[in-house]
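Quick caveat, the model's predicted, so the values are computed rather than measured.
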Amino acid sequence: MKRLLSAALALVIVCAAGLAVRTWLISTVRIAGSSMEDTLRSGDVVLVWRPWGSVGRGDVVQCEFTGRSGRYVKRVVGLPGDSVVFSDGTLTLNGRPMSEPYVSSRTEDAHIELGPDEYLALGDNRAESYDSRAEDMGCIRRDQILGRVVWILWPLNRFGPVT
């Protein structure tokens, strides 16, 4: 009987630890749609790391948009206070031209001034992405970023870090 109780307790502890890790540290997401191609493809399963430090330009994140249901995977292009200009397919951040090797389609011309707690979140496939450029989506705040997408888990031929 004592052995059975010990085994049951061990099982409860392992399950609780697994649930805690799944709730607060990591999650998996299946990508739906083409907005992040070629970085991520529809059907890819990715690992999301929840407790990371600051948000960096170029990070691929899982986020929520105000007034929209669901969660989205997008790339952080602009940080709080940035001046972001897209002109003739070129990104200029705070007056400096920036390279975007991950972008798979041309970005329409736009000028966006970010507030003190605003992040510009865009898909890599700009022609097919519903993102911060849309009026009903807008920029996101830090508390709307749920985690950083760090690894492609599936399919196995694409297994590796997300860049």
My understanding is that a hydrophobic cluster links ILVMFWY residues whose side chain heavy atoms are under 4.5 Å apart, including indirect links. Using that, what else belongs to the cluster containing M98?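 Other cluster members: V77, V84, F86, L91, L93, I112, L114, L120, L122.
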Short side-chain to backbone donor-acceptor contact, [X] and [Y], under 3.5 Å:
X: K74; Y: M36; result: no
X: D59; Y: V76; result: no
X: R141; Y: E118; result: no

Run the numbers on D88 and R106 for side-chain contact (heavy atoms from CB on, under 4.5 Å), then give the verdict. CA-CA 8 Å; D88 293 325; R106 184 181 165 106; 4.0 Å; yes
Please list, chain by chain and in numerical order, all residues satisfying salt bridge (Lys or Arg N to Asp or Glu O under 4.0 Å) with E64, sequence neighbours excluded.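 Result, salt bridge (Lys or Arg N to Asp or Glu O under 4.0 Å) vs E64: R71.
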Restricting to salt bridge (Lys or Arg N to Asp or Glu O under 4.0 Å), what partner residues turn up for R68, sequence neighbours left out?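 In terms of salt bridge (Lys or Arg N to Asp or Glu O under 4.0 Å), with neighbours along the sequence ignored, R68 is linked to D136.
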Counterpart residues, side chain to side chain donor-acceptor pair (under 3.5 Å), relative to S87 (two or more places apart):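 S87: no side chain to side chain donor-acceptor pair (under 3.5 Å) contacts found.
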Among all residues two or more places apart in sequence or in another chain, which pass the side chain to side chain donor-acceptor pair (under 3.5 Å) test with S132?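 Side chain to side chain donor-acceptor pair (under 3.5 Å) check on S132 returns nothing, list empty.
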Is V85 reachable from L79 through a run of I, L, V, M, F, W or Y residues, each pair having side-chain heavy atoms under 4.5 Å apart?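 No; tracing contacts between hydrophobic side chains, which count when under 4.5 Å, never links both residues.
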Residue pair Y119 / C139, side-chain heavy-atom distance below 4.5 Å: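 They are not in contact (no side-chain heavy atoms under 4.5 Å apart), so the answer is no.
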Taking the side chain as C-beta and beyond, is there a heavy-atom pair between V60 and V73 under 4.5 Å?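 The answer is yes; the side chains approach within 4.5 Å.
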Between [atom1] of [X] and [atom2] of [Y], what distance do you get to the nearest 0.5 Å?
X: R75; Y: C63; atom1: CZ; atom2: SG; result: 12.5 Å
X: N125; Y: T107; atom1: CG; atom2: OG1; result: 10.0 Å
X: D117; Y: R142; atom1: CG; atom2: CZ; result: 9.5 Å

Compare every heavy atom of [Y] with every heavy atom of [X], then report the nearest pair and how far apart it is.
X: N94; Y: R57; result: ND2-NH2, 4.3 Å
X: R126; Y: Y102; result: NH2-CE1, 4.0 Å
X: E37; Y: S104; result: O-OG, 2.7 Å
X: G95; Y: T92; result: C-CG2, 3.4 Å
X: R50; Y: S27; result: NH2-OG, 3.1 Å

From CA spacing to verdict: side-chain contact (heavy atoms from CB on, under 4.5 Å), V149, V29: CA-CA 9 Å; V149 177; V29 173; over 6 Å; no
Side-chain donor-acceptor pairs of residues 151-163 under 3.5 Å, sequence neighbours excluded:
unit_1	atom_1	unit_2	atom_2	d
R158	NE	D44	OD1	3.3
R158	NE	D44	OD2	3.2
R158	NH2	T39	O	2.9
R158	NH2	D44	OD2	2.7

Just by distance, no angles: are the side chains of E128 and S105 close enough, under 3.5 Å, to form a donor-acceptor pair?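 On atom types as modelled, these side chains do not qualify, holding no pair under 3.5 Å.
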